[in-house]
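Everything below concerns the one structure shown next.
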Amino acid sequence: DQVNISDAQVMVEFENGNLNFTFPNPKNVSEFSITLFKGHEKKEICALHWTKEKVFLKSNVSYCQAQNSGNSTTFILKNLEKKHIDIYTYYLEIFLPPPYIDCCLKETYLYIPDKEDCSSHGLLLWIIIGLIIFAISCVCCAVAYCLRNKNQKCESSSHEYNSEYMPMAAVNAAKKPRI
C-alpha cells in the first residue's frame, strides 16, 4: 500500500456563481491536509485537515468554504469580485503513514470580470445607439422638410408666372329665357 499522489487531478467548475476546486483524496492515507493559498506570497485562505476520526475545516476569509466527501475535497469560492483575481495554489500534506509528504498540487490563475464594468458598457452602448438613431431621424426630417418646401415653391411659381391660360373665376350657368 503506497501513497499515490501523482494522479491527483484538480477539477475546476463554475456553478451557480460559485467556483469549485475539487481534489481527489489521497488513497491509503490516514491523515492529510489540503490548503488553498492565494497570491505569490501564499496567503492561506482555506484549509481542510482530515483524519480517519474527524474532519477539520478552516477558512480565513468569508468567500471560501471547504467541504469533504468520502473521496474528494472541495474548496468553494463564493461572491467573487474583481479584487479576488490572483494565483491560487493548492498544497497537499500527508502526515500518516510516514514519511511526511508535502507537495504543490496545482496553481490556477483566477480572473473575475467586474460586474459594474459589464453593465456600464452595456448602458453606454445603448446611449450611443439611441443618439445615432436620433441623429439619423433628425437628418431624415430635415431632408423631408426641405424637399416639401422646394416642391411647394415649384408648384406655386409654375401656376402663377408660366401659365398659358388665364385664371378664370367660377361663373354660374346662364339662365335660359322662358317664353
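Hydrogens, waters and symmetry mates are skipped; everything else that's a heavy atom, side chains included, is used. One-based numbering along the sequence shown.
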* Nearest 0.5 Å, what's the CG-NZ distance between D86 and K38? -> 5.5 Å
* Asked: Among pairs that include at least one residue of residues 124-144, which meet salt bridge (Lys or Arg N to Asp or Glu O under 4.0 Å), considering only residues two or more places apart or in two chains?
  -> none
* For residues F21 and L77, determine if any side-chain heavy atom of one lies less than 4.5 Å from a side-chain heavy atom of the other. => yes
Could you list the donor-acceptor pairs under 3.5 angstrom formed by side chains in residues 136-145, with sequence neighbours left out?
{"from": "S137", "atom 1": "OG", "to": "I133", "atom 2": "O", "distance (Å)": "2.9"}
{"from": "Y145", "atom 1": "OH", "to": "N149", "atom 2": "ND2", "distance (Å)": "3.4"}

* Co-members of the apolar cluster containing F134 [side chain, <4.5 Å] -> none
* State plainly whether one hydrophobic cluster holds both F23 and F32, where clusters connect Ile, Leu, Val, Met, Phe, Trp and Tyr through side-chain heavy atoms under 4.5 angstrom apart. => yes
* Would you say the side chain of H40 lies within less than 4.5 Å of the side chain of I87, judging by non-hydrogen atoms? -> yes
* To do: Give a yes or no on this: more than 12 heavy atoms of other residues, nucleotides or ligands lie within 6.0 Å of atom CG of N71.
  => no
Listed pairs under 3.5 Å, donor-acceptor, residues 88-101 side chains, sequence neighbours left out:
{"from": "Y88", "atom 1": "OH", "to": "H84", "atom 2": "O", "distance (Å)": "2.8"}
{"from": "Y90", "atom 1": "OH", "to": "T108", "atom 2": "OG1", "distance (Å)": "3.2"}
{"from": "E93", "atom 1": "OE2", "to": "Y100", "atom 2": "OH", "distance (Å)": "2.5"}

* State, without any angle test, whether T74 and N20 hold a side-chain donor-acceptor pair at a distance under 3.5 Å. => no
* Asked: Roughly how far, to the nearest 0.5 Å, is CD1 of I132 from CD1 of I127?
  -> 12.0 Å
* Roughly how far, to the nearest 0.5 Å, is the CZ atom of F75 from the CG atom of N68? -> 9.5 Å
* **D102 side, atom CG; T35 side, atom OG1 - distance, nearest 0.5 Å** => 9.0 Å
Report, one line per pair, each donor and acceptor closer than 3.5 Å where one atom sits in a side chain of residues 43-56; sequence neighbours left out.
{"from": "E44", "atom 1": "OE2", "to": "K58", "atom 2": "NZ", "distance (Å)": "3.3"}
{"from": "H49", "atom 1": "ND1", "to": "S33", "atom 2": "OG", "distance (Å)": "2.4"}
{"from": "H49", "atom 1": "NE2", "to": "E31", "atom 2": "OE2", "distance (Å)": "2.7"}
{"from": "T51", "atom 1": "OG1", "to": "E53", "atom 2": "N", "distance (Å)": "3.4"}
{"from": "T51", "atom 1": "OG1", "to": "K54", "atom 2": "N", "distance (Å)": "3.0"}
{"from": "T51", "atom 1": "OG1", "to": "K54", "atom 2": "O", "distance (Å)": "3.0"}

* Kindly determine whether T73 and Q67 satisfy side chain to side chain contact (heavy atoms under 4.5 Å, CB included), including the steps that lead there. => CA-CA 6 Å; T73 299; Q67 290 181 344; over 6 Å; no
* Would L57 and I34 show up in the same hydrophobic cluster when neighbours are defined by side-chain heavy atoms closer than 4.5 Å? -> yes
* To do: Can you sort out the partners of S30 under side-chain hydrogen bond (donor to acceptor under 3.5 Å, both in side chains), two or more places apart, ordered by chain and number?
  => none
* Interatomic spacing from CD1 in I128 to CG in L123 - rounded to 0.5 Å -> 10.0 Å
